[in-house]
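In what follows, a single structure is set out as structure tokens and then discussed.
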Amino acid sequence: MPQHQFTRRRALWLGLAALTGLGTSTVARTITTAQTALRNSPAASLDKLARQTQVTGEQSLRQRAKAKGLIYGAAARRANLFTDPALAKAYQAECGILVPEWELKWSSGDARLRPTLQTFDFSRSDWMLRFAQSHDMQMRGHVLVWHLGLPDWFEEQVNRQNAEQVLVRHIQTVAGHYAGKLHSWDVVNEAIEPNNRRADGLRITSWLQLLGPDYLDLAFRAAAAADPQAKLTYNDYGLEYDRPDHDARRRAVLKLLEQLKAQGTPIHAFGLQAHLEGHETRFNPNKLRRFLADVASLGLEIYITELDVIDNRLPRHPTNRDRLIAQAYEDFLTVALDEPAVKLIVTWGLSDRYTWLSDFHPRSDRAAVRPLLLDANLNRKLAWHAVARAIDQAPSR
Ligand code: G3I
């Protein structure tokens, strides 16, 4: 589907949806006019695609993905799965893989994997693995090395003298604890930041300042030694759109992956987070396709690792908002799943009931955000159907 058709269709719906604030007669007249225009335009077939809001059959996303040689799953928090049986049931039904949103970070949410410099607390992450295994789900580890989600003691107690030992011991202990039990690890997360103006495009983080650029290779080698079976992944964001910032990030990520492969770093996959922006119309399928092909040409698998749609700049009305969100999922996945190296789709949550976006990207009108595939009552939304349709129409792996 050429880019202009994506842009025109979404721009039209964005414009229409923005009109919902006007009187109903104005909106009705405008929508009729627009629909007539659409019906007679080359984009009509695209809009019909968008209008095919329901997929046939009751198969879950995990079943549909498996039929194509893909894996679909979602991030979750133990705190939610443990206290919300209906939610747990939805994960069991829809997900072939589980990603702990908090429990395998050094410190996040209610999880403290690293209570102190000397200690580890696997109670919450072990619960997540038991949950996954008891429902025939795989689990992927997120994240061994990141500049965020670090405990309060880190800054005071980690220094140039002990940083390498602290990093290697963390990876040996955590990846070793789960050796042979995980699909993959996000070994390093979000190490790129072109705005930090380094020639290598690396983000200036505690890890870089303490250990230099070789901290990435050090981390991957420690992870490979601790768990030779897990697929070792570099994970990053801000790569999906036809924008100068995303262009710069794609160039920097590709350069990093090429460098890691050239120096023999044991890396097996690239994680594309895909926190999509519902209001963004600068989506160029050819640019995304080319980036994915370039990553795949390095011999890497590609995982869509944190898929959701930020909706805080979309109109309030749920009907229009859900349609735009569904279109964002469909536009992105239709292109991504054309790349055979893409093996895994993880949404960053499953239900609007629990999403990081409520706290991190709230709406100015204070309306509840609606970024995910199930609504807050765990009903399937247009977004669920859009993802199901993209999976059903994807080439088999
Ligand atoms: O829910 C509580 C809220 O009640 C409280 O008022 C608020 C202030 O303390 O905290 C809220 O919990 C926070 C939670 O996000 C809300 O989603 C936790 O303290 C905070 O640690 C947690 O942050 C997580 C963040 O990573 C840092 O670990 C997010 O949940 C999580 O979705 C986010 O995920 C990251 C990926 O790991 C990497 N890629 C980006 C992605 C989004 O930032």
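For ligands, and for the atoms within them, numbers begin at 1 and follow the listed sequence. In this chain, residues are counted from 1 in sequence order. Computed from a predicted model, the values in this text were never measured in an experiment.
When hydrophobic side chains of Ile, Leu, Val, Met, Phe, Trp and Tyr are connected at separations under 4.5 Å, Ile310 ends up clustered with Ile71, Ile97, Val99, Tyr303, Leu344, Val346, Trp348, Trp356, Leu357, Phe360, Val369.
With respect to Glu301 and Lys231, a salt bridge is recorded, a charged nitrogen being found less than 4.0 Å from a carboxylate O. A salt bridge between Arg249 and Glu193 is present, with a side-chain N of the basic residue lying under 4.0 Å from a carboxylate O of the acidic one. Salt bridge annotation for Asp247-Arg250: present, with a cationic side-chain nitrogen under 4.0 angstrom from a carboxylate oxygen.
Checked against Arg370 for a salt bridge (Lys or Arg N to Asp or Glu O under 4.0 Å), the options Asp311, Asp308, Asp322 give a single hit: Asp322.
Ala76 approaches Leu81 most closely through the heavy-atom pair CB-CD1, 3.7 Å.
Listed by chain and number, residues touching ligand 1 at under 4.0 Å (heavy atoms only) are Arg77, Glu101, Trp102, Lys105, Ser108, Gly109, His142, Trp146, Asn189, Glu190, Gln273, His275, Glu306, Trp348, Trp356, Asp359, Phe360.
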